[in-house]
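Data block below; observations after.
Not measured: the values here are computed from a predicted model. Side chains are part of it too, since the values below use all heavy atoms of this structure and drop only hydrogens, waters and symmetry mates. The chains referred to below are lettered A, B, ... by the order of the sequence lines, with proteins before strands, and numbering in each begins at 1.
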2 protein chains.
Amino acid sequence: MKEKQTSHVPVRPDERLARLVRLAARGFNRALQLRLQTENVTFGQWIFLRILWQEDGLSQRELSDRAHLTEPTAHTALIKMEELGFIERRNVEGNKRRQHAFLTRKGLELRDVLEPLALEVNDAAMAGLSKKAQEDLRHALAVMIRNLENDEQDAAARGVRVPPTKGNTEN
Amino acid sequence: MKEKQTSHVPVRPDERLARLVRLAARGFNRALQLRLQTENVTFGQWIFLRILWQEDGLSQRELSDRAHLTEPTAHTALIKMEELGFIERRNVEGNKRRQHAFLTRKGLELRDVLEPLALEVNDAAMAGLSKKAQEDLRHALAVMIRNLENDEQDAAARGVRVPPTKGNTEN
DNA sequence: GCATTAAAGATAGATATCTAATATTAGATG
DNA sequence: CATCTAATATTAGATATCTATCTTTAATGC
């Protein structure tokens, strides 16, 4: 446990909340990746697989929207996934613009292997939290997410250019 | 509001928690970056500045530990920050290995500008949450973080190679 | 129906992160 | 005190993400 708990200098509680949220997100990510790698699936692939298990045959645009990722990101992930044989990309009904992604047998079968891993992570994370605490937690997170979305939209309305949020889920 | 709320197919509540945490983390990141960019400070720079404001003169290793980032990441960030005149890197007391980072006047002065921005984000995020709800939230997050840390250590103990957690704070 | 506009995807280039390998300095040990 | 080991920093290379731009196809308006 090398975790140095903000040693001597006190940290304002306000400040700490954002960090806690980021640390928790990081914990989830790492715990999940740890499990996914045993099946040779990356985190990014998991994201799109999960969406396709719910709604197969979405277009690249629809996928990137649902994943909250940009199209180039979806593009490269999907190309890779096609290479790996998880999906097949093709046009449908005479529309040559849209590239729809369809799960292959292999992609479908991954569901039974991978979904339990995600549930395992959730269970591990919530150990020791009562049902009520979990419910309250979800509610509080939902409120914060909405608050922060509004904040971003207000900013955008004021003409601020919103930059990408890069990798760090930590601090 | 293009947010398509998991349309028709129900999502298991368990699954949703991890996503909520990641979305909240993303919200915090974006909201903060939005503000930092008006001062031409990147998120990564903010991370190290914040640490140095608490403890000036830390070594690169100490900084990367506290930031939960790798040394190469800290290295490039610090080099850039030196270029920008936020810090000065130098050895101390005859130890030629350690590279310590010291805030310049400019780096110090940023504190008064940047810290209020972070508090603003926290305030925005917590709008509509009671003091108690906030306290419970912190507690629940702390529990999850600890749970997930233990999970990772268990995995490591079993000899699993822990991969990096890449950018996506989203899904 | 032809020309313009919009939609969707692909590509190029930048950034931040990671792992792995290398170099340098300090400390420990025979 | 010479050599080995550990600590620290640096460099190189890979990956995933982003923005911006370009290309292709569809839809719209005269």
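Taking atom CZ on A:F43 and atom C1' on D:dT17, their separation rounds to 13 Å, with Å as the unit. Atom CZ in A:R90 sits about 15 Å away from atom P in C:dG9, given to the nearest Å. As rounded to whole Å, 12 Å separates atom C1' of D:dA14 from atom NZ of A:K80. The nearest whole Å value for the distance from the CD atom in A:E71 to the P atom in D:dT17 is 14 Å. Taking atom CZ of A:R61 as the reference point, atom P of D:dA26 lies 16 Å away to the nearest angstrom. Between the CD atom of A:Q37 and the P atom of C:dT19 there is a distance of 11 Å, rounded to whole Å. Spacing between atom CD1 of B:I47 and atom C1' of C:dT17 amounts to 11 Å, rounded to whole angstrom units. Rounded to whole angstrom, the span from the CD atom of A:Q33 across to the P atom of D:dT17 amounts to 10 Å.
The side chain of A:T42 approaches D:dA16 more closely than any other nucleotide in the set D:dA26, D:dT17, D:dA16. Distance from the side chain of B:T70 is smallest for C:dT19 among the nucleotides C:dT19, C:dG9, D:dC18. Nearest nucleotide to the B:P72 side chain, out of D:dT8, D:dT10, C:dA10: D:dT10. The side chain of A:T73 approaches D:dT17 more closely than any other nucleotide in the set C:dA16, D:dT17, C:dA10.
Backbone-only engagement by B:R98 is indicated by non-hydrogen atom pairs under 4.0 Å involving sugar-phosphate atoms exclusively. When heavy atoms are screened at a 4.0 angstrom cut-off, A:Q60 is found touching the sugar-phosphate backbone but no base atom.
Atom CZ of residue A:F48 and atom OG1 of residue A:T42 lie 9.5 Å apart, to the nearest 0.5 angstrom.
Between A:H75 and the choices A:Q60, A:Q99, A:K80, the side chain to side chain donor-acceptor pair (under 3.5 Å) rule is met once, by A:Q60.
Between the side chains of B:R98 and B:N91, no donor N or O sits under 3.5 Å from an acceptor N or O.
When every heavy atom of A:W53 is checked against every heavy atom of A:L110, the shortest pair comes out as CZ2-C, 3.8 Å.
For B:H100 and A:A77, each mapped to the nucleotide of DNA chain D holding its nearest heavy atom, the one lying further toward the 5' end belongs to B:H100. Two residues, A:N95 and A:F48, neighbour DNA chain D, and the one matched to the more 5' nucleotide by heavy-atom proximity is A:F48.
Considering only side-chain N and O atoms, A:H75 lies nowhere under 4.0 angstrom from the phosphate OP1 or OP2 of C:dG9.
For D:dA9, the base has no donor-acceptor partner in the side chain of B:R97 [N/O atoms by modelled type, under 3.5 angstrom].
Cation-pi contact between B:R89 and B:F102: absent, since separation from the ring centre below 6.0 Å together with deviation from the ring axis within 45° is not met.
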